[in-house]
Number of protein chains: 2
Amino acid sequence: MAVGRRAEKMEETRARLVAAARRAFAEKGYAEASMDDLTAAAGLTRGALYHNFGDKRGLLAAVVQQIDAEMAARAQAIAARAATPWEGLLAEGVAYIEMALEPEVQRIVLLDGPAVLGDPAQWPSQNACLETTRRTVEGLIADGVLKPVDPAAAAWLINGAALNAALWTAASSSPERALPKAIEAFRCLAQGLLAKPG
Amino acid sequence: MAVGRRAEKMEETRARLVAAARRAFAEKGYAEASMDDLTAAAGLTRGALYHNFGDKRGLLAAVVQQIDAEMAARAQAIAARAATPWEGLLAEGVAYIEMALEPEVQRIVLLDGPAVLGDPAQWPSQNACLETTRRTVEGLIADGVLKPVDPAAAAWLINGAALNAALWTAASSSPERALPKAIEAFRCLAQGLLAKPG
DNA sequence: CCATTGACATACGCGCCGTATGCGAACACT
DNA sequence: AGTGTTCGCATACGGCGCGTATGTCAATGG
């Protein structure tokens with residue numbers, strides 16, 4: 001069948017480039033990753049790259065979007081298993097912390113992404129992670145569980161706190177020991193949003 | 001006098017390069033800033049740069065350190081004027097939010113800095129801002145004002161929340177309107193650290 | 001006063017990005 | 001099926017920017 005052998009092949013090309021880019025960007029960082037090497041590793045050349053993604057930044061954007069979508073899906077699945085929406089929000093945050101510990105996520109999404117693409121808020125296909133959190137917060141405010149703060153601001157700060165918790169943990173001399181402390185501090189901070197503390 | 005006319009002149013050279021770099025990095029971003037242009041704007045050449053700072057990253061490190069020191073000094077001065085240490089911590093956070101709204105700080109310290117130099121925690125001459133906040137938190141925990149969380153983790157998260165508040169504000173379509181919301185959300189989060197909420 | 005150090009300028013090579021051009025396979029149309 | 005066209009991708013080219021090696025001149029010190 002296939003709506004065209006062309007489009008099908010092109011999708012595979014894009015996927016292979018994105019996959020190779022994920023590895024290269026994660027290992028060397030965006031700036032140090034050579035497009036020649038990267039495309040060669042995918043069995044292609046820079047021609048394919050510029051045809052599919054416009055430029056190096058376009059490729060990074062595609063990679064970030066893919067990882068972001070995976071993160072949002074994981075977080076949502078974890079939050080859905082929680083007993084209450086509030087527990088879900090906390091679990092979501094902890095999940096972000098743990099995901100952000102992966103070098104790939106840290107390097108690409110947290111470090112190079114914002115530096116090269118600008119603030120995540122204005123990324124094309126608006127950051128899925130943030131959107132997920134924002135909706136959760138909105139619901140909790142409507143239910144009177146959280147103080148009536150701006151949902152977008154709160155979501156951003158919660159995500160930011162979680163990601164910073166991960167950065168701090170990763171930078172620690174002993175991440176194993178640091179992780180529980182980071183999670184504890186994160187949970188404390190989050191409790192500040194509760195309408196009725198305790 | 002002077003312990004040598006040489007060293008004195010060299011200090012001025014370094015200062016001029018750092019000043020030019022601040023402008024260039026703030027306007028064009030680290031990656032797009034040309035060393036040739038930058039040094040020419042300072043009335044020098046790349047020779048001076050590599051002699052004084054080793055490489056481009058070294059120059060960025062010097063710039064970041066300078067801005068970081070200025071921020072820490074400002075924050076400390078503001079915190080010192082507060083009625084209580086707890087109010088001081090909040091004022092410090094709000095001050096960080098406002099400072100991080102300046103494009104120079106945002107671009108250099110928050111975006112390019114971490115991406116190029118790695119996590120701020122392991123920057124040479126350990127991030128002065130974080131150190132300031134950590135000490136404040138430590139005191140507040142000792143006084144029983146805050147919950148007994150890890151001071152380093154808490155300081156990192158507070159700073160992270162403040163800086164993210166600034167990023168969110170800056171990315172907003174109307175920063176003027178967004179700033180109070182961001183500050184409000186930040187204050188809520190911070191309250192989560194209080195031993196006796198309310 | 002001269003030898004030496006060292007701060008900075010100049011000259012060179014290499015890598016990498018973006019674009020313009022070329023080729024061959026999949027589509028459309030008869 | 002055959003042919004003209006499209007288009008995905010490879011190849012070729014130009015330019016810029018970084019880092020290093022080399023040169024130069026002023027400031028030191030004996």
Side chains of A:E92 and A:T133, donor plus acceptor under 3.5 Å: yes

Scan the side chains in residues 97-113 of chain A for donor-acceptor partners under 3.5 Å anywhere in the protein, sequence neighbours excluded, and list what turns up.
from   : atom 1 : to     : atom 2 : distance (Å)
A:E102 : OE2    : A:R74  : NH1    : 3.3
A:E104 : OE1    : A:R22  : NH2    : 3.0
A:E104 : OE2    : A:R22  : NE     : 2.9
A:Q106 : NE2    : A:A100 : O      : 2.8
A:R107 : NE     : A:D112 : OD2    : 3.2
A:R107 : NH2    : A:D112 : OD1    : 3.4
A:R107 : NH2    : B:A115 : O      : 3.1
A:D112 : OD2    : A:Y30  : N      : 2.9

Listed nucleotide nearest any side-chain atom of A:M10, set D:dT20, D:dG8, C:dG18: D:dG8

Nucleotide C:dC8, atom P - distance to CD of B:E11 in whole Å: 10 Å

Protein-nucleotide distance (A:L49, atom CG; D:dC9, atom P), rounded to Å: 11 Å

Each nucleotide N or O in nucleotides 20-22 of chain C that has a protein N or O under 3.5 Å away: list the pair and distance.
none

Gap between atoms NZ and C1', on A:K9 and D:dT6 respectively (whole Å): 18 Å

Whether A:K147 side chain and A:I141 backbone form a donor-acceptor pair below 3.5 Å: no

Verify same cluster id: A:M10, A:V18 (apolar side-chain graph, 4.5 Å): no

B:T169 side, atom OG1; B:L179 side, atom CG - distance, nearest 0.5 Å: 5.5 Å

Between P of C:dG18 and CG of A:L59, the distance in whole Å: 11 Å

Rounded interatomic separation in angstrom, taking CG from B:L17 and C1' from C:dA7: 12 Å

B:N52 side chain vs B:A48 backbone, donor-acceptor pair below 3.5 Å: yes

Qualifying residues under side-chain hydrogen bond (donor to acceptor under 3.5 Å, both in side chains), relative to A:R134, sequence neighbours excluded: A:E131, A:E138

Residues that B:D55 engages under side-chain hydrogen bond (donor to acceptor under 3.5 Å, both in side chains), provided they are two or more places apart: none

Joint hydrophobic cluster, A:F186 plus B:L194, side-chain heavy atoms closer than 4.5 Å: yes

Residues touching DNA chain C, which here means a heavy atom under 4.0 Å, drawn from residues 21-44 of chain B: B:L44

Short side-chain N/O contact to D:dC9 OP1/OP2 from A:T13, under 4.0 Å: yes

Minimum-distance nucleotide (side-chain atoms of A:R46 versus C:dG18, D:dT11, C:dA9): C:dG18

side-chain contact (heavy atoms from CB on, under 4.5 Å) partner of A:V137, chosen from A:L193, A:L146, A:V145: A:L146

Closest approach of A:A72 to A:Y96 (non-hydrogen atoms, all atoms of both residues): CA-OH, 4.4 Å

Atom-to-atom span, OH of B:Y50 to P of D:dA21 - whole angstrom: 13 Å

Near-strand residues of residues 51-58 of chain B, defined as heavy-atom separation under 4.0 angstrom from DNA chain C: B:H51, B:N52

